[in-house]
Amino acid sequence: MRWWKILGLAAFAGVAATGVVVVRAERRRRAYTPDEIRSRLRERYAEAVAAPVVPAETPRRRLLPWRRAR
């Protein structure tokens, strides 16, 4: 067998394995009932609202030597 045939088989196996992973994740995602999804979203929202908001510091502008404040 030539190297390109082996490479092609490896690529095919990789695509098949990726498809299996995607299908499993999709099945897991669709297994939730609408009530479960709603409750999870409400929990996440409550956590986000309860988290303290830390304001970001504004960076200090560095003046160039020829543009110093007077």
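- Arg40 has no carboxylate O lying under 4.0 Å from a charged side-chain N of Glu36, or vice versa, which leaves the two without a salt bridge.
- Cluster annotation: Tyr32 and Leu41 are assigned to the same hydrophobic cluster (Ile/Leu/Val/Met/Phe/Trp/Tyr, side-chain heavy-atom contacts under 4.5 Å, transitive).
- With rounding to the nearest 0.5 Å, the separation of CD1 in Ile37 from CZ in Arg42 is 12.0 Å.
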